[in-house]
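To keep things clear, I will list the structure first and then write my remarks on it.
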2 protein chains.
Amino acid sequence: MTIKDVARLAGVSITTVSQILNKKGDRFSPETRQKVLAVVKELDYKADYFAQNMVSKQTKTIGMVVPDITDLFFSKVIEGVEKHLNELGFMIILCNSNHSSEKENLYIEELLHRSVEGIILASPNPIHLPKLKNEDGSNKIPHILIDRGINKRDEGQLITNEFQGAYEAVEHLVNLGHREIGMLSNETSFYEITDRFYGYKKCLEDYQIPFQEEWIVSKNLTIKGGYEGAQQLLQQNITALFCGNDQMAIGAYRAINEAGKQIPKDISVIGYDGLEITDYLVPSLTTVAQPIFEIGYFAAKFLIDHINNPKEKVPNKYFDTQLVLKNSTKKLDSF
Amino acid sequence: MTIKDVARLAGVSITTVSQILNKKGDRFSPETRQKVLAVVKELDYKADYFAQNMVSKQTKTIGMVVPDITDLFFSKVIEGVEKHLNELGFMIILCNSNHSSEKENLYIEELLHRSVEGIILASPNPIHLPKLKNEDGSNKIPHILIDRGINKRDEGQLITNEFQGAYEAVEHLVNLGHREIGMLSNETSFYEITDRFYGYKKCLEDYQIPFQEEWIVSKNLTIKGGYEGAQQLLQQNITALFCGNDQMAIGAYRAINEAGKQIPKDISVIGYDGLEITDYLVPSLTTVAQPIFEIGYFAAKFLIDHINNPKEKVPNKYFDTQLVLKNSTKKLDSF
DNA sequence: CTGAAAGCGCTTACAG
DNA sequence: CTGAAAGCGCTTACAG
């Protein structure tokens, strides 16, 4: 069943059918429109996806590359992206880069080949993106990065106020009397340059607590990474631990338990992200919540807006974090 | 840059280029082949995706529908699917049905419109699939269900031996002296007919423990569902709890803690799935592990095999579970 | 207000 | 061993 059939049954030309279906048919008489629309409805006709795209490249598809789909942060982001795109009839080609920069580029190449209309690239690490740029440095395709602010740029930034979030978390610990505060950071990014680390450092400074190199351990942002990092940090005599994300905190819980210590009696712990699961840990985890779903939602929104309006700059959007107090922190006894 | 350019530069016809690139060029002289291949390489030519598909519909794409991408079970399945498909150059269009049967069908319709070569549909619930079938009952498109065995069929079953897994879990509890054993089951499936429930029931029978209706609570297979279900079950004087999945167990941990009880001192808990996180819970969770990644991997493999060989029956594959003993169960004191 | 015709970039049946 | 031509199902510039 093709446009020809519709044209024949409606007694018009295929041009007419095409124009009317593509909302370019103002010039046709109401009767003609009606006839065409009726036939289309009756046959449940829909223009062939590939024939249509050969001409117009309106694929109504975007590509999404994530480093690890089983990471609760990224799956939540995807959920937000999907929410917005679904409302608009767009679909997502999902690519799991497995944290490999090489794979990211291979996927992007294939996505370009398939004429996706835009790409959302999520990664907690610095990104190498030769494939997204033309030789003159302009963008080859509309894209949005979800990178926790690692890659600096002046438009299309979608990040939570990391500095503030980290600062408040550490300040909370300081206010509870803690002065030996460890931090579990991200291995593959340079923690020295992240806002999250700056927040930690600045807070110590403001409260005149000397900064100790040994209180920082960098690991993968995973449960396992948190477990290993915490084991290492527990060698130091810290009384509190600020974790790079909630998953690391979950790993830290186990390490702390194995070290024979209790949370929060012996050590206070704060996470970052605000995953649902933090409510259910025992004890529930105090965490710096960020609106992960919304980040995905706005990534999708900004991308689509940009596709529809390529001339306009992509806005930046900063989300506020919220320190959610639960039961994993405690006032130092000596305080 | 089109096939015309390649033909011109190689000094041959476009037919020749097409045939050689599509491995149908045995008949051409080695020199011709070489010339064409050289030009293709130099230009980095690749046939236009849409032009090619208008003729051949080899979209190298499959659709994947899951009820909730943030569910650790499904994200792990997707990882397995992706692994296999990626090796073959296939890509995945991901659809989040949000547990809605209506959305599942809308997505399937759109996937059909986009000529995906196959569909993997994951759902823990009974599935309504008018869109996947022709009027005569035959399949409209190759597809594989990942449904935990809920929808009975004689081919393409991909399930773990649920009966056995559940039986062993409950038997373990019985062997530790437990006789009041609760079960957190899945709300939206009819637990009466699932193998997991049969395993539970049969084990009680074999050990002559009377079955109690009140020991079964059905909730969503989520952390929250587990939390609520456990709260309810803790009203009963059970000494052990078999959870429908690990996420429910995580929720149960919190409910148990809030009830002022300790695991495993006051109550033993067993989960189902074997998620990585179970190693990190405190105490670590004894669980019935199933090879989730492999389930996804084989779903992809069977689907692709079926696409390549539509005549052959899709095999069934049963995976064995493994009861992984950790620290959430304990011999009853009175035993 | 409407439609014939060119064109999008391929594949394939067929002729030589 | 090779290629001209038809066809896949659309959209769009153009003519009337």
Side-chain angles (χ1 to χ4, degrees), chain A residues 1-61 89 110 112-117 307-308, chain B residues 1-61 89 110 112-117:
Chain A
M1 202 199 45
T2 72
I3 196 172
K4 266 191 193 163
D5 300 310
V6 178
R8 188 169 32 80
L9 289 172
V12 298
S13 73
I14 61 168
T15 303
T16 305
V17 176
S18 174
Q19 300 276 309
I20 289 176
L21 286 181
N22 292 311
K23 320 278 177 210
K24 294 174 186 165
D26 308 344
R27 56 203 166 100
F28 296 100
S29 71
E31 300 83 59
T32 305
R33 299 173 59 82
Q34 227 115 82
K35 246 187 326 187
V36 169
L37 263 13
V39 173
V40 164
K41 187 157 189 188
E42 193 194 321
L43 296 185
D44 194 22
Y45 167 78
K46 220 171 165 185
D48 180 84
Y49 183 70
F50 294 95
Q52 208 166 27
N53 279 310
M54 188 159 59
V55 184
S56 67
K57 302 285 184 207
Q58 306 271 308
T59 55
K60 286 273 199 175
T61 306
E110 179 64 19
L112 289 171
H113 180 234
R114 289 170 181 234
S115 300
V116 294
E117 296 189 47
I307 289 167
N308 294 333
Chain B
M1 203 197 46
T2 72
I3 196 172
K4 266 190 192 164
D5 300 310
V6 177
R8 188 169 32 79
L9 289 172
V12 298
S13 72
I14 61 167
T15 302
T16 304
V17 175
S18 175
Q19 299 278 305
I20 288 175
L21 286 181
N22 290 311
K23 319 280 178 208
K24 292 173 186 167
D26 307 346
R27 55 204 169 99
F28 295 100
S29 72
E31 299 85 59
T32 306
R33 299 174 60 81
Q34 229 115 82
K35 247 187 327 189
V36 169
L37 262 14
V39 173
V40 165
K41 188 159 187 185
E42 192 194 323
L43 295 187
D44 195 22
Y45 167 79
K46 221 171 163 185
D48 180 86
Y49 182 71
F50 295 95
Q52 208 166 29
N53 278 311
M54 188 161 59
V55 185
S56 67
K57 302 285 185 209
Q58 305 272 305
T59 55
K60 286 273 199 174
T61 305
E110 179 65 20
L112 289 171
H113 180 235
R114 288 169 182 234
S115 300
V116 295
E117 297 189 48

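Computed from heavy atoms alone, side chains included, the values below leave out hydrogens, waters and symmetry copies. Chain identifiers are assigned alphabetically (A, B, ...) following the order of the sequence lines, protein sequences preceding nucleic acid strands; residue numbering begins at 1 within each chain.
- For the OP1/OP2 pair of C:dC1 and a distance below 4.0 Å, the side-chain nitrogens and oxygens of A:Thr16 include no atom meeting the criterion.
- Salt-bridge annotation for B:Lys60 and A:Glu110: absent, with no side-chain N of the basic residue lying under 4.0 Å from a carboxylate O of the acidic one.
- Residue B:Asn22 is in sugar-phosphate contact alone, with no base atom involved, counting any heavy-atom pair closer than 4.0 Å across all strands shown.
- When distances run from any side-chain atom of B:Ser13 to the nucleotides C:dT2, D:dG3, D:dC1, the shortest one goes to D:dG3.
- For the pair A:Tyr45 and D:dC10, the criterion of a side-chain N or O lying under 4.0 Å from OP1 or OP2 is met.
- Contact check, A:Gln52 against D:dG9: no side-chain N or O comes under 4.0 Å of OP1 or OP2.
- Panel note: side chain A:Asp5, backbone A:Thr2; a donor-acceptor pair is recorded below 3.5 Å.
- Under 4.0 angstrom from either OP1 or OP2 of D:dT11 there lies no side-chain N or O belonging to A:Thr15.
- Comparing C:dC8, C:dG3, D:dC10 against the side chain of A:Met54 picks out C:dC8 as the nearest.
- Distances from the side chain of B:Val55 to the nucleotides C:dA4, C:dG9, D:dC10 place C:dG9 closest.
- At a threshold of 4.0 angstrom between heavy atoms, the contacts of B:Thr2 are confined to the sugar-phosphate backbone, with no base atom among them.
- D:dA13: no Watson-Crick or G-U partner with both key distances under 3.5 Å is found in any strand.
- Using bins of under 30°, 30° to 60° and over 60° for the plane-to-plane angle, the ring pair B:Tyr49/A:His113 lands in the perpendicular bin.
- Using Watson-Crick or G-U wobble geometry with both donor-acceptor distances under 3.5 Å, D:dA4 finds no partner in any strand shown.
- Of the listed nucleotides (D:dC10, D:dG3, D:dC1), D:dC1 has the atom at the smallest distance from the side chain of B:Ser29.
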